[in-house]
Amino acid sequence: MKILTTVKKVVDVELNMHVKDGALVEDGMQYVTNAWDENAVETASQLKENNGAETTLVSIGGGDNTDIIRRCYAMGIENGIHVDDPALEKADSSIYAKVLQKVYEAGDYDLVITGKQAQDTDSGQTGIILAEYLGLPCVSNVIALEVIDDQHIKVSRSGDTGTEIVELTLPAVISVDVSINEPRLPQMRGIMMAKKKKITEMDLAALGTSADEVGADAPKSEIIEFMASQSRQAGQKFEGDAAEITAKVVDLLANEAKVI
Amino acid sequence: MSLLLIIALVVFGRTMYTRIRLLMALEPADRFDQITRRLKSVAVFALGQKRLVGRKKERLSGVMHAFIFWGFCVLLIRSLNIYGEAFVRGFHLPLLGDHSLLGYLYVFLKDIVEGIVLLMVILALYRRAVIKPKRLHNSWEAYLVLGLIGVLMISDLLVDGARYNLISLYNNPGHLDFFNNPRFGSEFNWTPISVLAGKLISPLGAGANRVIMTMMFWLHIITQLTFLNILPLGKHFHVITALPNVFFKSLDYPHEKTKLLDLEDESVWEDESLGINHIHQLNWKQGLDLYTCTECGRCKEVCPTYTTDKPLNLFDFNMQLKEELLENTDNLIKRAALANTLPSDGDAENTEKIKAEMAGLNSQKQLVGDVIAEDTLWACTTCRACEEVCPVTIEHVPRIVGMRQGQTLMAGVYPDELNVALKGLERNGNPWGIGYDKRADWAEGLGVKMMADDADVDYLLWVGCAGSFDDRAKKVSTSLVKILQKAEVDFAILGVEEKCTGDFARRVGNEMMYQMMAQENIETLNSYQVKKIITACPHCLNTLKHEYPQMGGNYEVVHHTEFIYQLVKTGKITLNSSLGGALTYHDPCYLGRYNAVYDQPRSILQSISKNGLTELDRHGPESFCCGAGGGRMWMEETIGKRINEERAGEIVSKQVANVAVGCPFCLTMIEDGMKELGKEEDIKTQDIAELVAQNMA
Ligand code: SF4
Ligand code: SF4
C-alpha cells in the first residue's frame, strides 16, 4: 500500500495574534506543523509499521519547510516532497487540491490521508476537493481506521448523529480528526538521521503543470483583511465572607447594572 | 600452612583480578582528583560509619555493624600476627611486642573487641531470625557469613583460652610464648575474655587443652581463608569494595552529574552509543557501586515508589544489573581489549571491522526490557532519598537517567504522556505548551522590570515555567515580587525571553531537548551579562546552578528562601510572628537533598509562626518526595498508591493547620493530595514566599 500524506506549515495558534492595518503582525510569530496533519502522519506511520505501507508526504508552500518535513521523517515518513512556487502565494483550498492532484497522479498511491482541517484557515476543504478532482471515494473526520486487505479499508467517522462506519475501496481519500491517535514525538535518533535524508523540492513546472492550470491566477477565495477579535472584558471577582459578598453583589446588580 | 595460604591467596587473587579487569573494561569515570577530600569522606562514611550509626531510625543495627566493622579493623592486625607466628616463633608486628605498653594495649583491645564482635554477631543473628526487619532479604549468605564471623571469634578466644590454661595451670609444657614484661605483668592480666573462655575448658585437662589449642588455631585459619574467598562472591564483597567505593564517591555534587552528550557527532547516533542500553555502557564507578551493594535494603525502605507499591525496588534493580555485569565478564573484557585496537589514523575500513566485532560481543540483552522492566525505570522521581541513606554511598540516579537516555534517544520508547509536555517545550519553551508570548502575563501591572528594557540590575528573578503559567504558582511569583519590592531589591525578569531550564527533559533522558533549552537560555543570560539569579523553583535552581556551567553558563544562583533569609537577617524586611495554628514544612528534594538548603526555610518559618515549627516524621535529608520530580510531574501515576497522597497523609497525621513548601511542584502535589484526602480546608498549603508576604511588617 502506498500512502500520500499532506502536511501544512501553519502559524502557532498558541500565541496571541496581533493585527495591524488589516494584516497579521509577523514579528514574534512562529510556525509549526498543523496539528491535524500530525495525526495524518501518525496514521501513515502506523500503517507503515503494522501493514508495511510505503509512506510519502507532500507539503505545499511555506518557503523553507525543511524542519517540518524532517520532523515527519523522524516520526516515520519515508519520502518527502515539497512543492513551492511564487505563484502559490495566495493559494486557497481549491488550488492546493489541484497541486495535490498533480502530485497524486505522478505517484501511484492507494490512499491519501489529510488532516481534517488546517489550524490557520480552519476551512477543512482541501482533502474533499481533491477527492472530487480525482473522482475518488472520500470520508472526512475519520476517528479510526482498519485495514481489511490490500484493496479495502474500514474507517469510522464521527458524524452528526454518531459514529458512522464506512468500508472503502482503495484508492481513496480520508481526512482524519485528532481523536484518531496520539501523534508520537519525533524520535531523537530519527531527527539526527533525518538530517541526511533528501527532500524532493519542486516548483509547478517541475511538477509538470503551471500556475494557469492549477488556477493560481484566479483564486476562488481570497483573504481581504484580518481583524482582531474583541476580547471580553474581565469580570469582577469577589473574595471573602459569603454574607458580605452576597450583599455587595445584590447591591451592584440593583444599583450599577440595574437588572434587579 | 604455606600450602594452605598459597592456595587461598591464589584463588582469591584470581577472583579479584577478574573483578578488577571487568571494572577496567567499563567506561571511564574521573574520580582520582581531590585526594584529601576523598580521604576525609572515607574517614566519615567508612571509618566513622556515618550512615549506619548516624541515622536515628537505624541506630541499633548501625551500632551492631559499626562494632563488627571496627572489630574487623582491629583483628586484621591480629591476623597478620597469627600468620607471622605460623612461620616465625614469637612473631610480632613492630611496636606490638611485649616490650612496649602499646603491645599490651593491643592485646587488651583485641580481647575486648572479640568479645564485643561475638556479642554483635549473636544480636545480628537474633535480629535476622526473630525480629526480621522488613528491609532485609534473609539470604543463606547472610547467615553463613555471620556464622563464619562467630566461628572466627570463638576459635580465636579458645586458642588464647587454652594457651592461658596450659601456661598458668599446666606449667607451660610446650614452652609457649606469652607476654611477660615485668613492667606490665602477664599478658593474661590484660585478656579477661580469653581467660574466661579458658575457664570453660580448663576442666578438660592439659592434653585436651593442647588439642583444643591446635584445632582452634587451624579452624581459625581455615575459616578465615574461606571467608576471604567467599567475600567477592556475594554481598560481602563490600567488605573489600566499600572503602574504595566511598573513596571514589562524587564530591562536588551529590552524585555524578549527567554527562553532556555530544549530539552533533553523527557516529554516536549510528553506533547507538548514547545513554545506557547495554551493560558495557556503565562506567567503572557504576560497576564498583554494583559490587558494593550490601543488600541492606535501606534504599528501598525510603524510596517513594517502592513504599507506594510501584515496581522499582532498588535492591533488585542493583542485583539484576550486577548479575548481567558478571555474566558478561569475559565478553566485556574482550570487547574493551578490541576497543583499544581501534585505529586512531581514521582507517575507516578497519574501524568498521573492529566496531562490528565489538558489537558482536555486546550483551544480547537490552538493559531496559530484558534486564530491568520499563515501568521500573520510569517510576523513579530522582528524589535521591535512596542515595542519601546508602551506607556505602551508591549512586542510583545517574544510572537511572543514563538508562532513560538510552530509551529516549536511541530506542525512542518512553511514556506517551511525556509527549505533550515535550512538545510544549519544543514549541513554546514550557511543558504546558502555552504560547511563549504569554510568559510574562502574570507580572502585568506589578511594576516588574524586563531585562530587555533595563538589564542593569543587581538580580535576575528567574520565574520558571510554573511561576509563569500555573495559576497557583503565579501567586507565589506575585508574593515574591511583593517581598523584593518591599526590600527595595533591584531586579528584573526575562519575560518572554525566558524558557524552561530543561530540567524535566534531562531527567527523562531527553538530552537533546535539554540542550536546546539550555543553549537558548544561556545565550540570553550571557547577552545580558547576568551574574546573580534568584528563583523560587528548586528545579530551576539546580539546573541553572549545577548544569548550565557544563555549557558555559556560570551564575550565582540562590533559592528565594535563601534570599529572603538574607533579607530578614540584614533587616531589609521584618517578619511578624503572626501565623496562627501549627505549621510544618515539606522539604523539596531538589532544595534539600540536592542543594543542602535545610536551615534557611526553617528559620524563616520559625519567625512567622506563633507556634514554632512541627517537623514531619520524614524531614531534612530524609524528607519524602511529593512525587513530581524526575519528570514524574508529566506522567500518569497508575501503579500503586499515589505518592502525593501518602505525603499529604503524613502531614495530616501531624494535625497542623499550615504546611509550607518551597517548590511550585511540591505545591501542586501536596495541595492536590490534601484535596484528595478532603483536607484542603483544614490544612493550607502555601509557599514560603506567600507566607512571608502575608506576615511582613
Ligand atoms: S544500594 Fe546501598 S542502601 Fe541500597 S541495598 Fe545496596 S547498600 Fe543498601
Ligand atoms: S531517587 Fe527516589 S524515587 Fe528514585 S529510586 Fe531513589 S528513592 Fe526511589
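Letters A, B, ... mirror the listed sequences (proteins, then strands); counts begin at 1.
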Separation between CE (A:Met192) and CD (B:Glu270), nearest 0.5 Å, reads 10.5 Å

Would you check if A:Gln30 and B:Asn428 make a side-chain contact, meaning some heavy-atom pair closer than 4.5 Å?
-> yes

State whether the number of non-hydrogen atoms from other residues, nucleotides or ligands found under 6.0 Å of B:Lys475 atom NZ is greater than 12.
-> no

Kindly check if the number of other-residue, nucleotide or ligand heavy atoms within 6.0 Å of CD1 (A:Ile223) is above 12?
-> no

B:Tyr436 side chain to A:Gly28 backbone, donor-acceptor under 3.5 Å = yes

Out of A:Asn16, A:Val13, A:Ile191, which one racks up the most heavy-atom pairs below 4.5 Å with chain B?
-> A:Asn16

Sorted by number, residues from residues 38-45 of chain A in contact with chain B (heavy atoms, under 4.5 Å) = A:Glu38

When rounded to the nearest 0.5 angstrom, what is the spacing between CD in A:Glu14 and CD1 in B:Ile434?
-> 7.0 Å

Distance (rounded to the nearest 0.5 Å) between A:Thr33 OG1 and B:Arg427 CZ = 5.5 Å

Can you tell if the side chain of B:Asp437 reaches within under 4.5 Å of the side chain of A:Met29, non-hydrogen atoms only?
-> no

Let me know if B:Glu266 has heavy atoms under 4.5 Å from chain A in its side chain, its backbone, both or neither.
-> side chain

Could you pull out the closest heavy-atom pair between A:Leu185 and B:Glu426, with the gap in Å?
-> CD1-OE1, 4.3 Å

More than 12 non-hydrogen atoms from neighbouring residues, nucleotides or ligands closer than 6.0 Å to NZ on B:Lys449, yes or no?
-> yes

Considering only heavy atoms, which portion of A:Asp12 lies under 4.5 Å from any heavy atom of chain B: side chain, backbone, both, or neither?
-> side chain

Would you find more than 12 non-hydrogen atoms of other residues, nucleotides or ligands less than 6.0 Å from B:Lys684 atom NZ?
-> no

Counting heavy atoms not belonging to A:Lys2, are there more than 12 under 6.0 Å from its NZ?
-> yes

Report, as yes or no, whether the 6.0 Å neighbourhood of atom CD on A:Glu225 holds more than 12 heavy atoms from other residues, nucleotides or ligands.
-> yes

Pull out the residues in residues 410-425 of chain B that come under 4.5 Å of chain A, heavy atom to heavy atom, sorted by number.
-> B:Met410, B:Ala411, B:Gly412, B:Tyr414, B:Asn419, B:Val420, B:Leu422, B:Lys423

For atom CG of A:Asn50, decide whether the heavy atoms of other residues, nucleotides or ligands shown that lie under 6.0 angstrom number more than 12.
-> yes

